[in-house]
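One structure below.
Below, all heavy atoms of this structure are taken into account, side chains as well, without hydrogens, waters or symmetry copies.
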Amino acid sequence: MKKILMLLIILFGVSLAVSAHPGGGKPDANKLKELREYKIKYLAQEMELSDAQKPKFVELYNKLCDERLANFKKMRDAENRLKGKLSDAEYKSQMDIVNDCKVRDSQLVKDYDAKFEKFLSAKQIYKMKEAEETFRNRMHEMHQQRKREKKEQR
């Protein structure tokens with residue numbers, strides 16, 4: 001039963017993600033919010049969180065996601081600027097930003113792991129990371145499948 005629920009959550013979440021990019025433009029904010037909620041439900045289930053742990057986890061995980069997203073956007077902006085015509089100094093500056101963002105992301109993960117350790121076991125933190133990877137892989141697979149289907153329709 002647990003695996004069936006997990007599969008349904010993932011499939012629904014993936015379908016939301018696929019529909020979050022209609023026409024290849026910016027993703028729909030409401031769909032992305034729903035997707036994050038389903039991801040968190042999936043993670044909580046995989047981590048076997050207690051009722052007391054869930055609200056703490058959701059609050060802290062949302063903060064982590066928000067910080068990582070802001071950092072990722074900063075990195076992506078710098079990467080996009082690197083595609084333009086720049087001087088050597090500008091290339092160096094943008095590459096420094098990209099590298100700093102990668103370091104910042106690792107530091108965020110480490111800092112939040114310490115915060116999670118206050119109310120989660122090491123095993124639960126490991127399961128969270130494992131479930132995040134599984135979720136990410138399934139999302140990627142669904143995205144690739146959608147691209148193949150679009151290509152076949154042409």
Side-chain angles (χ1 to χ4, degrees), residues 1-21 25-83 86 89-147:
M1 182 67 180
K2 177 183 172 188
K3 293 295 179 185
I4 292 172
L5 179 60
M6 174 187 72
L7 184 60
L8 289 174
I9 288 172
I10 288 174
L11 289 175
F12 184 70
V14 169
S15 69
L16 282 173
V18 167
S19 66
H21 264 59
K26 284 192 172 189
D28 179 282
N30 288 332
K31 298 278 186 188
L32 291 177
K33 181 181 176 195
E34 287 180 40
L35 178 61
R36 185 187 284 188
E37 289 172 2
Y38 284 103
K39 179 182 179 184
I40 289 172
K41 286 178 186 177
Y42 169 70
L43 295 177
Q45 179 182 334
E46 289 301 298
M47 296 164 64
E48 299 174 358
L49 296 179
S50 70
D51 289 339
Q53 290 173 315
K54 284 179 187 176
K56 294 176 191 174
F57 172 74
V58 169
E59 180 182 351
L60 194 57
Y61 191 79
N62 276 321
K63 287 179 184 178
L64 170 61
C65 289
D66 291 343
E67 287 190 50
R68 289 187 80 190
L69 182 60
N71 187 59
F72 177 77
K73 286 179 180 178
K74 182 179 177 182
M75 183 177 73
R76 185 60 90 193
D77 288 345
E79 287 173 336
N80 287 337
R81 284 191 290 276
L82 284 167
K83 295 175 184 173
L86 304 172
E90 290 169 322
Y91 272 112
K92 180 173 178 2
S93 171
Q94 296 308 306
M95 288 187 313
D96 285 346
I97 291 171
V98 170
N99 290 332
D100 290 345
C101 286
K102 289 178 181 180
V103 169
R104 171 83 175 124
D105 188 64
S106 293
Q107 191 61 50
L108 280 170
V109 171
K110 185 175 182 178
D111 292 347
Y112 274 85
D113 279 357
K115 292 176 183 180
F116 283 124
E117 285 175 358
K118 293 178 182 175
F119 61 94
L120 297 176
S121 70
K123 182 178 181 180
Q124 286 175 312
I125 294 170
Y126 171 76
K127 283 184 169 188
M128 173 182 68
K129 293 174 186 295
E130 195 174 54
E132 284 176 317
E133 186 67 26
T134 301
F135 192 87
R136 191 171 20 260
N137 288 340
R138 289 198 176 136
M139 296 295 276
H140 179 73
E141 289 169 12
M142 292 295 289
H143 180 70
Q144 294 302 317
Q145 179 65 31
R146 182 173 181 235
K147 284 174 71 174

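Taking the side chain as every heavy atom from C-beta outward, Arg68 and Val109 approach each other to under 4.5 Å. For the pair Arg146/Met142, no side-chain contact is recorded, criterion being any heavy-atom separation below 4.5 Å from C-beta on. In this structure, Glu67 and Arg104 have side chains that are in contact, with non-hydrogen atoms separated by less than 4.5 Å. Using a 4.5 Å heavy-atom cutoff, the side chains of Met128 and Tyr61 are in contact. Taking 4.5 Å as the limit, some side-chain heavy atom of Leu49 sits within range of a side-chain heavy atom of Leu120. The shortest distance between side-chain heavy atoms of Met47 and Phe116 does not fall below 4.5 Å. Using a 4.5 Å cut-off on side-chain heavy atoms (C-beta onward), His143 and Met139 make no contact.
Remark: Glu117 engages no residue in a salt bridge (charged side-chain N to carboxylate O under 4.0 Å, His left out) (not counting sequence neighbours). Residues that satisfy the side-chain contact (heavy atoms from CB on, under 4.5 Å) test with Glu130, not counting sequence neighbours, are Tyr126. With sequence neighbours excluded, no residue satisfies ring pair (Phe, Tyr, Trp, His ring centres under 6.0 Å) with Tyr112. When the side-chain contact (heavy atoms from CB on, under 4.5 Å) test is applied to Lys56, the partners found at least two apart in sequence or on another chain are Phe119. The side-chain contact (heavy atoms from CB on, under 4.5 Å) search around Arg81 returns Asp77, Ala78, Gln94, Ile97, not counting sequence neighbours. Among residues two or more places apart in sequence or in another chain, the side-chain contact (heavy atoms from CB on, under 4.5 Å) test is passed with Gln107 by Lys110, Asp111.
Using a 4.0 Å cut-off between charged side-chain N and carboxylate O, Glu133 and Arg136 make a salt bridge.
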Working for salt bridge (charged side-chain N to carboxylate O under 4.0 Å, His left out), residues Glu59 and Lys63: CA-CA 6 Å; Glu59 180 182 351; Lys63 287 179 184 178; 3.4 Å; yes
Worked verdict on Arg138 versus Glu141 for salt bridge (charged side-chain N to carboxylate O under 4.0 Å, His left out): CA-CA 5 Å; Arg138 289 198 176 136; Glu141 289 169 12; 5.6 Å; no
Full working for salt bridge (charged side-chain N to carboxylate O under 4.0 Å, His left out) between Lys74 and Asp100: CA-CA 10 Å; Lys74 182 179 177 182; Asp100 290 345; over 6 Å; no
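In this structure, the separation between OG1 on Thr134 and NZ on Lys129 is 13.5 Å, given to the nearest 0.5 Å. Taking CG of Asp28 as the start and NZ of Lys33 as the end, the distance is 12.0 Å to the nearest 0.5 Å.
Judged purely by atom type and a 3.5 angstrom limit, Asn62 uses its side chain to pair as donor or acceptor with the backbone of Val58.
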